[in-house]
Trainee: 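My questions all concern the structure below.
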Amino acid sequence: MVEHASVIRNDFLRHDMQFPHVWCPGCGLGIVLGSLIRATAKLEIPKDDMVLASGIGCTGRMPAYVDFNTLHTTHGRALTFSTGIKLAKPELTVMTIMGDGDATAIGGNHFIHAARRNLNITAIIVNNQTYGMTGGQYSPTTPYGSKATTAMYGHIEHAFSIAELAVTAGASFVGRGTVHHVTQLDDLIGKGIRKRGFSVIEIISNCHTNYGKMNNLADPVAYQMWMKEHAVSVKKAAKMSVEELEDKFTIGILADIDKPSYIEEYQKIRDKAAGAGS
Amino acid sequence: MESSSEKFLLQGNEAIVEGALAAGCCFFAGYPITPSSEIAELMSMRLPKQNGTFIQMEDEIASIGAIIGASLAGAKVLTATSGPGFSLMQENLGYACMTEVPLVIVNVMRGGPSTGLPTSPAQADVMQTRWGTHGDHPIIVLSVSSVADSYEIAVHAFNMAEKYRVPVVLLSDEIVGHTREAITLPPGKPMEVVNRIKPSVPPEWYVPYENNSRGVPPMADIGSGYRHHVTGLMHNAKGFPTSDPQEVDTFHRRMQRKLDNGAMEIQMSRGFMLDDAEVAVIAYGAVTRSALRAVKMAREQGIKAGLLQLITLFPVPRAALDSVLRQCRAVLVAEMNMGQYVREVRAVNVSSNVKQLNRFDGHLIKPDEIFGKLMIL
Amino acid sequence: MEKNRYEVRFGGSGGQGIITAAVILAEAAGVYGDFHVCQTQSYGPQSRGGRSKAEVIISKQEIDYPHVIKMDCFLAMNQPSLDAYFSDFEPNGLLIVDSTFVEQVPTSRAISLPFTRMAREDLGKEIVANIIALGAVVQLSGIISLASLEKAVLSRVPVKFRELNQQALQAGIAAAKQVNLGTLPRSSVTEEILI
C-alpha cells in the first residue's frame with residue numbers, strides 16, 4: 001500500500017495545482033479515486049492514452065484531479081462526449097465517471113443507448129443515492145420511504161437498480177462494488193477497462209453529509225457498515241430466496257459477454273462502403 | 001466526384017455535405033429531423049468511404065456531445081438539425097463556446113415554435129442562433145441562399161470554426177435545403193481549407209487557454225501527449241476552474257477579442273446594384289432570391305433600388321450595413337419571421353429609416369410583395 | 001428556348017413519379033444542357049395523398065426567385081392536382097393533362113393525352129407514365145433538346161430498365177407529335193389586356 005500511495009500522489013494526481021479537493025471529509029469518492037488509479041496503474045497504459053470524462057455533480061469533479069486527458073462536461077452528457085472521443089480516436093482508453101443522478105436521471109437515455117451501442121468505453125457510476133452537490137434531493141436511486149430535501153415526507157418513488165439496468169440495456173460487462181469492498185472494486189474497474197465493449201461498474205458510495213444526515217447514516221463509518229451488511233456476492237445471492245434478498249444488493253460481476261464492439265462493427269461498414277464504389 | 005470536375009444536380013442539403021467534406025469534415029453525429037435529414041443520410045454513405053465516421057445518436061443533445069468529443073480528439077465535425085433539435089442542442093452549444101471547440105451546426109430552418117411547420121420554410125431561429133444558449137458567448141452565424149452558397153459557405157464555416165476555435169451555425173431553410181440546382185464539383189478553382197493551430201511548444205509548456213494576441217490559443221488534440229483539462233466551468237488559462245474576478249474578466253474579453261480581430265473575414269455580405277441605390281432591400285437566405293427579383297423589377301420602373309445580402313448574421317456585419325444605411329434614404333428588411341434581424345439593423349444606425357416586411361405563414365416572401373413595398377419606400 | 005425564364009409545374013399524386021420527372025427534367029437542362037435550373041417540390045403529408053407538385057425553373061441566366069411566378073407549362077397527372085395547382089398561367093401557356101385520370105379540363109386550350117393508359121396497355125408498366133409524359137412535355141414545349149432529356153432519363157434508371165424507359169420516352173414524344181399546337185384556340189387573356 002505504501003508503494004500505491006506514492007504512485008497515486010506523484011504520478012497520477014495533479015497534486016500541485018488542484019488540491020485540496022471539493023469533497024467532504026469521509027466521502028466515498030476519495031476511495032473511488034484511489035481504486036480507479038490503482039486499477040489503471042496496474043494496466044500500465046500510458047497516461048497520454050487515458051481519457052477520463054465526467055458530467056456534473058460531486059463525482060463530476062473527479063477528472064480535474066487526475067493527470068489524464070480529462071473532460072468535465074455537461075450534466076448527464078458525459079457518455080456522448082466519450083462516444084465522440086472514442087470514435088475519433090479508438091486507440092485511446094476512454095473512461096466515463098458519473099453520479100447516479102447524472103447517469104440515470106438527466107443522462108438516463110444516453111446511458112442505456114451507450115450500453116446498447118456497445119462502444120468500448122468504461123462507465124463508472126458512483127451511486128450515493130442522492131444529489132450531493134445540490135444538497136440532498138432525491139435521485140433515481142433514492143430508496144423508497146427514505147428522506148431527501150425534496151422528499152421530507154418520505155420518498156414515494158422506487159429506485160433504479162443501475163447494474164441490472166445496464167445488463168438489460170446490453171452492456172458487455174457489468175459489475176457492482178462498494179467503497180467498502182475496495183480490493184474487489186480495484187478488480188472490477190480493471191476488468192471493466194480491459195473489456196472490449198461497453199462496461200459498467202456501479203459503485204455504492206456514501207453521502208453521509210446529505211443522504212446520511214436525513215436517514216440515520218450521518219457517520220461515514222456507520223454508512224460503510226451498512227454497505228457491508230447489505231451487500232451480497234452474486235454467487236451467494238444465487239442461492240438465496242427473494243425474501244432473504246429483500247433489502248440486499250448484489251456485488252460482483254453481473255454480466256460478462258462477448259460480442260463485437262461498435263468500433264469493430266463500424267470497420268465492417270467502412271469496408272463495405274469502400275467496396276461499393278461511388 | 002473525386003477526380004475531374006463534373007456537373008451535378010444537387011439539393012442545398014446535399015451541397016452542404018459536399019462542402020463539409022471538401023473542408024475536411026471527417027465526423028458527423030446527428031438525429032433525424034425534417035427538413036435536414038438528407039444531410040445525415042448522405043453523410044452516412046460518404047463518410048465511411050473515406051475512413052470517416054458517421055453515427056446516429058439517441059437525440060440532438062447526444063449528437064452535439066459526440067461531435068464536441070470528436071473535435072476535442074482532433075476531428076473536423078458537423079451535425080445538422082432543424083428548430084426542435086437546435087433547441088435541444090443549446091446546452092452543449094454553450095459548452096462548445098466555453099471550451100472553444102471548433103464545430104459546425106447546420107440548422108435547416110422550418111416554421112416554429114415547437115413542432116411548428118415541419119415541412120415549411122421559416123427564418124425564425126435567427127435570434128436563437130445568437131442567444132439560444134445561456135450566458136455571454138462568442139458565436140458565428142452564416143446563412144445560405146442557394147445550392148452554390150450551400151457548398152461554399154459550408155467550406156467557409158469549417159474554416160472559421162477551425163481558425164477561431166468557435167462553433168459556427170450554418171443557417172439554411174426548407175427552401176434552400178430542398179431546392180435542386182446544377183453545380184460543378186469540385187469547383188474549377190479549389191477553395192482554401194483552414195486547419196486549427198496546434199501547440200508547437202513541449203507539453204510541459206502548454207497553456208491550453210493562453211491569452212495570446214490573436215485571442216485564439218493553439219488547440220492540442222486529446223491523445224497527442226498534451227494532457228490537459230477541459231471544463232464547462234469558468235476556467236483560467238491552464239484550463240482549471242476559477243472564480244477569480246480578474247481571470248473571469250480576462251476570459252470574456254478574450255472571447256470578444258478573438259472575433260473582433262477577425263471581423264474583416266468573418267463578416268460577409270454581397271451587394272447587388274448598390275452603387276447608385278437610393279433604396280435597398282436587406283435580406284438573407286432564401287428571401288435574398290425574391291429580393292433580387294424585386295430589385296430588378298424596381299429598376300425596370302426607374303427606381304434606384306439595390307440589395308444587400310447578408311451571409312454573416314453574427315457577428316453583425318456593421319460596416320456593410322452602416323454604409324447602406326447611410327447611403328439609402330430607406331431600407332427594407334425582408335425576412336420570414338415576425339421581425340427579428342430588423343432589430344439588429346436598426347441598432348446599427350438608429351437614425352436611419354428602416355422598414356420591415358415579414359411573412360410567417362410557411363411560405364417564401366414573393367418578389368411582388370417586396371416590389372410593392374419598394375415602390376412606396 | 002425562346003424565353004429567358006421558363007417555368008414548369010408537374011402535379012400528381014404520390015407514386016405517379018412527378019418528383020422524379022421534375023428531377024430528370026432539371027438534370028437534362030442543368031447538367032446535360034447548358035441552362036440554369038431550380039427544382040423544388042411540395043413536401044409533407046399531402047405528397048402521399050391526392051396531390052403534390054414539383055416545379056422546374058429553366059433559365060439562360062442565374063435564377064433568382066426559385067418558385068413558379070407565371071407557369072409556362074403545367075403537366076397534371078390527376079384531377080386533384082389540376083384543380084389545386086391550375087392557376088398562375090402565362091397567357092398561351094401549355095396545359096397538358098393525363099386523360100386517364102383527368103375528366104374535367106378547365107379550358108379548351110388543354111392538351112389531353114392518356115399517359116397512364118399508354119404505360120399500362122402499350123408498355124405493360126404503369127410506373128413509366130411519368131417518363132411518357134416527360135417526353136411529351138419536352139416535345140411540345142421545345143424547352144430543351146430531346147438528346148439531353150434522353151441522357152438524363154438513362155442516367156437515372158437502372159440498366160435493366162433502360163430499354164423500357166427509352167420506349168416510354170419515345171412513346172411520349174410520338175404521342176406529342178400528333179398534337180398540332182397551331183390548332184389550339186388562342187387565350188382570351190392577352191398581353192395587352194394584362195398590362
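Both backbone and side-chain heavy atoms feed into the values below; hydrogens, waters and symmetry mates do not. Lettering follows sequence order; numbering is per chain, from 1.
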Trainee: Among the options B/P203, B/S224, B/A70, pick out the one with the most heavy-atom pairs lying under 4.5 Å from chain A.
Mentor: B/A70
Trainee: Could you tell me whether the side chain of B/H229 reaches within less than 4.5 Å of the side chain of A/L71, counting heavy atoms only?
Mentor: no
Trainee: Is chain A contacted by the side chain of B/D59, its backbone, both, or neither, given a heavy-atom distance below 4.5 Å?
Mentor: side chain
Trainee: First locate atom OG1 of B/T53, then atom CG of A/L87, and finally report the distance between them rounded to the nearest 0.5 Å.
Mentor: 5.5 Å
Trainee: Run the side-chain contact (heavy atoms from CB on, under 4.5 Å) test on B/T231 and A/R61 for me, step by step, so that the C-alpha distance in whole Å, both residues' side-chain angles and the decisive distance to 0.1 Å come before the verdict.
Mentor: CA-CA 10 Å; B/T231 176; A/R61 293 304 184 101; over 6 Å; no
Trainee: Can you tell me how far OG1 of A/T70 sits from CZ of B/F240, rounded to the nearest 0.5 angstrom?
Mentor: 6.0 Å
Trainee: Around A/K259, counting heavy atoms of other residues, nucleotides and ligands shown, do more than 12 lie under 6.0 Å from its NZ?
Mentor: yes
Trainee: Shorter than 4.5 Å, heavy atoms on both sides: which option in A/L92, A/I269, A/D271, A/D67 has the most such pairs with chain B?
Mentor: A/D67
Trainee: Would you name the heavy atoms of A/A88 and B/F27 that are closest together and state the gap between them?
Mentor: N-CE1, 4.5 Å
Trainee: Run the salt bridge (charged side-chain N to carboxylate O under 4.0 Å, His left out) test against B/E210 and tell me which residues pass, sequence neighbours left out.
Mentor: none
Trainee: Which region of B/L72, side chain (C-beta onward) or backbone (N, CA, C, O), has a non-hydrogen atom less than 4.5 Å from a non-hydrogen atom of chain A, or is it both or neither?
Mentor: side chain
Trainee: Evaluate whether atom NZ of B/K7 has more than 12 neighbouring non-hydrogen atoms of other residues, nucleotides or ligands under 6.0 angstrom away.
Mentor: yes
Trainee: I'd like to verify something: which residue of B/M57, B/M45, B/E58 has the highest number of heavy-atom pairs under 4.5 Å with chain A?
Mentor: B/E58
Trainee: Is B/P241 close to chain A through its backbone or its side chain, or both, or neither, when contacts mean heavy atoms under 4.5 Å?
Mentor: side chain
Trainee: Sort by residue number and list every residue of residues 73-83 of chain A having at least one heavy atom under 4.5 Å from chain B.
Mentor: A/T73, A/T74, A/H75, A/R77, A/T80, A/F81, A/T83
Trainee: Need one label for A/K86: side chain, backbone, both or neither, based on atoms under 4.5 Å from any heavy atom in chain B.
Mentor: neither
Trainee: Sort B/A29 into side chain, backbone, both or neither according to what part of it lies under 4.5 angstrom from a heavy atom of chain A.
Mentor: neither
Trainee: Return the set of residues passing ring-ring contact (aromatic ring centres under 6.0 Å, His included) with A/Y138 (not counting sequence neighbours), or none when no residue passes.
Mentor: A/H155
Trainee: Output yes when a side-chain donor or acceptor of B/Y226 lies under 3.5 Å from a complementary backbone atom of A/N69, and no otherwise.
Mentor: no
Trainee: Take atom NZ of A/K47 as the centre, draw a 6.0 Å sphere, and report whether it contains more than 12 heavy atoms from other residues, nucleotides or ligands.
Mentor: yes
Trainee: Does atom OH (B/Y31) have a neighbourhood of more than 12 heavy atoms from anything else shown, all under 6.0 Å?
Mentor: no
Trainee: Backbone N or O of A/F68 within a donor-acceptor pair of the B/R227 side chain at under 3.5 Å?
Mentor: no
Trainee: Please list, in residue-number order, every residue in residues 94-116 of chain A that has a heavy atom less than 4.5 Å from any heavy atom of chain B; write 'none' if there are none.
Mentor: A/N109, A/H110, A/H113
Trainee: So which part of B/H228 gets closer than 4.5 Å to some heavy atom of chain A, the side chain, the backbone, both or neither?
Mentor: backbone
Trainee: So, does B/K49 use its side chain to make a donor-acceptor pair with the main chain of A/R270 at under 3.5 Å?
Mentor: no
Trainee: Between chain A and each of B/N92, B/I64, B/T99, B/L47, count heavy-atom pairs under 4.5 Å; write down the option with the most.
Mentor: B/N92
Trainee: Does the pair A/H72 and B/V230 meet the rule for a side-chain contact (heavy atoms from CB on, under 4.5 Å), with working shown?
Mentor: CA-CA 6 Å; A/H72 179 210; B/V230 179; over 6 Å; no
Trainee: In terms of heavy-atom contacts, does CD of B/Q246 have more than 12 from other residues, nucleotides or ligands at under 6.0 Å?
Mentor: no
Trainee: Please say whether more than 12 non-hydrogen atoms of neighbouring residues, nucleotides or ligands are located less than 6.0 Å from CD in A/E44.
Mentor: no
Trainee: So for B/I55, is it side chain, backbone, both, or neither that comes closer than 4.5 Å to the heavy atoms of chain A?
Mentor: both
